[in-house]
Structures are given as C-alpha cells and as structure tokens.
**Q** 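Starting off with a structure, shown below.
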Amino acid sequence: MTFICFKSKNNSFMTELSVMDKISSLCKRRGFIFQSSEIYGGLGSVWDYGPIGVELKRNVKNCWWKSVVQERMDMVGLDCAILMHPKVWKASGHVDGFADPLVDCKECNKRFRADHLDPTNDENIKECPSCKAKIDLRVTIPRMFNLMMKTGIGAVEDEGSVTYLRPETAQGIFVNFLNILDTTRKKLPFGVAQIGKSFRNEITPGNSTFRTREFEQMEIEYFVKPEEDSRWHESWINERFNWYIKLGIKKEHLRIRPHAKDELAHYAKACSDIEYEFPFGWSELEGIANRADFDLKQHEQFSGREMVYFDSQENKKIRPYIIEPSGGVDRAALAFLVDAYHEEKVKDQTRVVLKFSKEIAPIKVAILPLLKNRPPLVALAKDVAKSLISEIPLVYDDTAAIGKLYRRQDEVGTLYCVTVDVGSLEDKKVTVRDRDTMLQDRVDISQLKRYLKEKLTTE
Ligand code: GAP
C-alpha cells in the first residue's frame with residue numbers, strides 16, 4: 001500500500017495508511033477478513049471472510065436479492081456454473097479482447113499495467129512504481145495480457161480441454177436466454193439476476209478486497225425493447241444508486257460517473273459507474289451498462305441458435321437490448337464497512353464503532369452476562385440467548401469484563417447488547433444497550449423477544 005495523501009470525509013488531510021490500515025487491522029482482529037492461505041505466507045490478492053465477514057457479505061447479497069428479485073414481478077433469478085463451454089468466451093469477446101497492456105521495468109523486473117503508471121513530463125516516459133526507474137514506452141513496448149484464468153476439463157490435457165474460470169457471471173444469463181423465455185413466459189421488459197464467483201488474473205490488485213483475483217458479482221441482465229433502452233438505463237442507474245443509500249451509505253460519499261465514449265467496453269453503447277469515495281479515492285462500486293443487442297447477436301452467430309423474443313402483440317421477432325447493472329459483492333461490503341467506521345470520544349477514551357444499518361449489521365444482538373463466574377447468572381444468560389436464537393441473529397459472549405465485551409461488539413457493529421446482571425436473577429429483567437446512543441433500557445425477559453424484534457424492524 002502506498003503512503004499517499006488524500007482528503008478524508010470530514011475534509012481534513014490524513015494519510016491513506018491511517019484509515020485503511022485501521023480498518024484492515026480491525027477486519028483481521030475481529031474476524032471480518034483474513035488473507036487466503038495466511039500460514040503459507042498468503043496468496044496475492046485472494047481473501048477469506050471470517051465469522052463476522054461472512055455474515056456481512058451474506059446480508060449484502062440477501063438485501064440485493066430481496067430488492068431485485070423477490071420484491072419485483074419483472075425479475076427472476078438464476079445460478080449458473082462457473083465453467084462454461086470455451087466457445088462462450090470466443091463469442092463474448094473475452095478471448096480476443098479481455099486484456100490489459102503490461103510493461104516490464106528493466107531495472108527491477110517487475111510487471112505493471114502501462115495505463116496505470118505515473119506520468120512524467122514526457123508522455124512516453126513513465127516512472128516505475130516500485131524502484132522509481134524511468135520506463136520508456138517507445139523502447140519497452142507494452143504487451144497485451146489476457147485476464148482470464150485458464151483451466152482444463154477432462155483427463156487429457158490438450159488444446160481441446162482448455163476452458164476458463166468465468167471472468168463475469170453475465171454470460172451464463174445470456175446463454176440461458178431461451179431457456180428462461182421458455183420456462184417463465186416473461187414478457188418484455190424483464191430481467192434475470194445472478195450472484196456468483198468470478199475470476200480475473202488482475203495485475204495491479206490491491207486496497208484490501210477492492211480489486212481481487214477471485215470475487216463475487218451481483219449482476220442483472222434486463223431485457224427491453226430496443227427503442228426503450230435509454231429510459232430503462234436511466235431507471236436502473238437511479239434504482240441502484242438509491243439501493244446503497246437505503247442501506248446506510250451516505251449520499252455525499254456516492255456519485256454517478258458516465259463513461260466517456262473512448263472508455264466504453266467493446267460491448268457497451270453507454271455506461272455509468274456508481275462510485276464510492278473510498279479512503280484511496282473515488283472508485284467504482286458498480287457499472288450500469290447499456291449492452292444493446294451485442295451479446296444476443298454474438299451468441300446467435302457462434303451457437304447457430306436464434307436468440308430472439310417473439311412479440312405476440314406486434315406479431316414479430318425482436319432481439320431485445322440489454323441493460324446491465326453489475327456490482328461487486330466484495331466492493332459493496334468494503335464500502336459498507338468503510339462508511340460505517342466511526343471513532344468517537346467517550347469519557348476521554350476513543351470508541352471505535354461500526355454504524356451499520358439494521359439490514360447490513362452482521363450481528364444484531366449480543367447476550368452478555370455481567371459476571372462470568374456466577375453460575376446462576378451465566379445459566380440465565382444462556383437461557384435468554386436460547387430463547388431468541390432461532391429468530392434473531394445473535395452471539396453469546398462471557399469471555400471478558402463487560403467494558404471489553406461492549407468494545408468488541410461496537411467494533412463489529414452489533415446493534416443491541418443485552419446484559420444479564422445479578423438483579424436479573426431477582427427481577428427477571430435485563431439491560432438493553434443501544435449501539436449508537438449507548439442509552440440503556442431495562443426490559444422484562446418475557447417481553448425481550450418482542451422488544452428486540454420491534455427495534456430491528458422499525459426504521
Ligand atoms: N458483466 C460486466 C462486468 O463484469 P465490470 O465493470 O468488469 O463489468 C462489474 O465488473 C463489477 O464487478 C465492478 O463494478 C466491481 O464491483 C466488480 N469487480 C470487477 N472486477 C473486480 C475485481 N477484480 N475485484 C473485485 N470486484 C471486481
């Protein structure tokens with residue numbers, strides 16, 4: 001990670017290292033994110049999600065699925081295989097075009113993306129990010145490097161066995177277009193949503209889980225009449241922008257950036273990115289592209305199957321245009337984490353708290369006995385936990401003093417801490433502490449489930 005300066009959310013200057021390093025260290029310490037194969041020294045830009053991180057990621061995916069599939073009548077879901085026929089990647093343009101320009105530094109022999117190198121006064125001469133040597137692009141000509149990860153199928157390793165780990169989930173939706181039409185009888189406009197792993201041999205990864213070699217995508221392919229494409233493109237940009245805000249990201253940390261013509265992917269007629277202001281700068285969270293009829297045309301040509309929709313009202317075949325809102329689960333989870341991160345002064349101490357929204361918070365409730373060496377108290381706390389666990393995502397913790405237990409829960413963004421104390425044995429009441437206000441309520445154990453469920457469902 002570089003020590004660059006950036007402007008923080010509250011407009012004061014600080015180093016990138018301070019915020020991202022604090023968040024990375026919290027992620028490791030509290031079980032959000034671990035480096036893959038850490039005991040072997042780690043694997044470059046591949047990450048594992050720990051016990052808290054997996055809940056965060058699951059909440060992101062569930063909220064997305066609910067909003068784009070379950071709450072809409074014009075959408076259906078799909079779950080395709082990662083491995084696909086190699087011809088898919090010929091048709092999609094990935095075999096020939098999914099490549100970055102790479103250049104080697106002659107001094108340190110490291111390899112970089114030519115278009116990511118810092119410029120000097122002469123546009124042909126760049127600076128090596130590692131050893132600072134000058135790289136003359138007229139002498140060291142960049143070479144194209146395909147980002148797809150190759151793999152083999154079957155017992156014989158020859159050219160015919162080569163396929164790829166998918167670099168996007170989208171192609172699974174395009175090749176199933178006819179199956180979906182046949183089985184759902186959907187009328188235009190309609191969409192198909194999918195969540196799944198994608199793989200790219202990224203050359204300049206970095207910034208935690210922002211750019212990784214294995215990641216998850218949440219993609220929608222929305223099929224529309226060609227003449228309605230612009231309207232639906234606008235509508236999806238707004239829909240997706242508002243989704244992040246509804247789940248707690250501050251509006252001022254988000255922006256929509258339309259692509260310039262020379263930036264568009266080979267398949268896109270237009271595209272706008274939703275960007276988030278990460279500590280390392282404004283960066284893409286999700287792209288919403290108008291892919292026109294590029295993909296259905298390509299697959300028609302390569303497969304020989306006619307990829308069209310029959311419009312019974314107009315009595316004609318239509319090749320729909322496709323609007324594609326395509327986001328990353330890992331990037332969304334990272335943005336929710338960064339946006340939730342707060343440091344507050346409480347009685348001269350710094351309280352670190354993740355202020356996740358109710359939907360995104362990995363843990364909703366923690367049950368904490370005030371004294372761990374009082375068996376009746378521990379037993380009551382466990383009974384309270386058992387009575388809630390099937391309906392409310394919670395944890396039970398009796399491994400430290402109460403101050404430390406609160407700090408742990410604040411750092412993972414737990415919404416409510418329920419403390420069972422000596423008085424609870426007498427009055428059958430517990431103390432419920434609100435994460436954000438730190439105000440406490442004394443609640444009857446018999447009313448606790450209703451109380452918490454009400455809190456968790458109200459705005
Ligand atoms: N089907 C279109 C497509 O894949 P993309 O802009 O290449 O478009 C869509 O990717 C989203 O997938 C990005 O906005 C980002 O959130 C996520 N994504 C792409 N590459 C990624 C990577 N290397 N690591 C993490 N997320 C990535």
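Whatever order the structure lists ligands and atoms in, that order sets their numbers, starting from 1. Nothing here was measured: the structure is a model prediction, and the numbers come from that model.
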**Q** Find all atoms of ligand 1 within a distance of less than 4.0 Å from any non-hydrogen atom belonging to Glu168, and give their numbers and elements.
**A** 1 (N), 2 (C), 3 (C), 4 (O)
**Q** Between Lys134 and Glu127, is there a salt bridge with N-O shorter than 4.0 Å?
**A** yes
**Q** N/O to N/O below 3.5 Å, does that happen between Leu285 and ligand 1?
**A** yes
**Q** Any atoms of ligand 1 less than 4.0 Å from a non-hydrogen atom of Tyr267? List them with their elements.
**A**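 Answer, ordered by atom number: 2 (C).
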**Q** Any atoms of ligand 1 less than 4.0 Å from a non-hydrogen atom of Glu286? List them with their elements.
**A** 14 (O)
**Q** If every non-hydrogen atom of Gln194 is compared with every non-hydrogen atom of Cys80, which pair is closest and at what distance?
**A** OE1-N, 2.6 Å
**Q** Heavy atom under 4.0 Å from ligand 1: found in Arg200's side chain, backbone, both, or neither?
**A** side chain
**Q** Identify, by atom number and element, the atoms of ligand 1 in contact range of Glu219, meaning under 4.0 Å from any of its heavy atoms.
**A** 1 (N), 2 (C), 3 (C), 4 (O)
**Q** Applying a 4.0 Å heavy-atom criterion (strictly less than), which segment of Asp273 is in contact with ligand 1: side chain, backbone, both, or neither?
**A**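 For Asp273, no heavy atom sits under 4.0 Å from ligand 1.
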**Q** With side-chain contact (heavy atoms from CB on, under 4.5 Å) as the test, pick out the partner of Glu221 among Phe190, Phe177, Phe174.
**A** Phe174
**Q** Looking only at protein heavy atoms, which one is nearest to atom 12 (O) of ligand 1, and what is the separation?
**A** Gln217 NE2, 3.2 Å
**Q** Taking the side chain as C-beta and beyond, is there a heavy-atom pair between Val224 and His233 under 4.5 Å?
**A** no
**Q** How far is atom 15 (C) of ligand 1 from its nearest protein heavy atom, and which residue and atom name does that atom have?
**A** Arg331 NH1, 3.4 Å
**Q** Could you tell me which non-hydrogen atom of Ile274 sits nearest to which non-hydrogen atom of Leu254, and how far apart they are?
**A** CG2-CD2, 4.1 Å
**Q** For Arg291 and ligand 1, answer yes if some heavy atom of the residue is under 4.0 Å from a ligand atom, otherwise no.
**A** yes
**Q** Quick one: nearest non-hydrogen protein atom to atom 25 (C) of ligand 1, plus distance?
**A**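 Of every protein heavy atom, Phe210 O, 3.2 Å lies nearest to atom 25 (C) of ligand 1.
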**Q** Find all atoms of ligand 1 within a distance of less than 4.0 Å from any non-hydrogen atom belonging to Gly327, and give their numbers and elements.
**A** 11 (C), 16 (O)
**Q** Do Ser92 and Gln298 make a side-chain contact, defined as non-hydrogen atoms from C-beta onward lying under 4.5 Å apart?
**A** no
**Q** Which option, Phe199, Phe215, Phe174, owns the non-hydrogen atom nearest atom 21 (C) of ligand 1?
**A** Phe215
**Q** Give me the atom names and distance for the closest heavy-atom approach of Trp65 to Gly77.
**A** CH2-CA, 3.5 Å
**Q** Which residue owns the protein heavy atom closest to atom 13 (C) of ligand 1, what's the atom, and how far is it?
**A** Glu284 OE2, 3.3 Å
**Q** Provide, to 0.1 Å, the distance between atom 24 (N) of ligand 1 and the closest protein heavy atom, together with that atom's residue and name.
**A** Thr212 N, 2.9 Å
**Q** Examine Arg213 relative to Phe199 and say whether NZ or CZ is less than 6.0 Å from the centre of the six-membered ring and inside a 45° cone about the ring axis.
**A**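 No, Arg213 does not sit over the ring of Phe199.
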**Q** Quick one: does ligand 1 sit under 4.0 Å from the side chain of Glu324, the backbone, both or neither, non-hydrogen atoms only?
**A** side chain
**Q** Considering the options Glu219, His299, His94, Arg166, which one meets the side chain to side chain donor-acceptor pair (under 3.5 Å) requirement together with Gln171?
**A** His299
**Q** At a non-hydrogen distance cut-off of under 4.0 Å, which region of Trp47 contacts ligand 1 (side chain, backbone, both, or neither)?
**A**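 None of Trp47 does.
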**Q** When you measure from atom 8 (O) of ligand 1 to each heavy atom in Gly328, Ser283, Ser326, which option holds the nearest one?
**A**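 That would be Ser326.
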**Q** Mark the output for Asp330 as yes if a heavy-atom distance to ligand 1 is under 4.0 Å, and as no if none is.
**A** no
**Q** Considering only heavy atoms from C-beta outward, does the side chain of Tyr49 approach that of Ile33 to under 4.5 Å?
**A**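 In contact.
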**Q** Any atom of ligand 1 sitting under 4.0 Å from a heavy atom of Phe98?
**A**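 Contact absent.
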**Q** Hey, are the side chains of Tyr341 and Leu26 touching, using non-hydrogen atoms and a 4.5 Å cut-off?
**A** yes
**Q** Is the centre of the Tyr309 ring less than 6.0 Å from the centre of the Phe223 ring?
**A**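 That pair fails the under 6.0 Å test.
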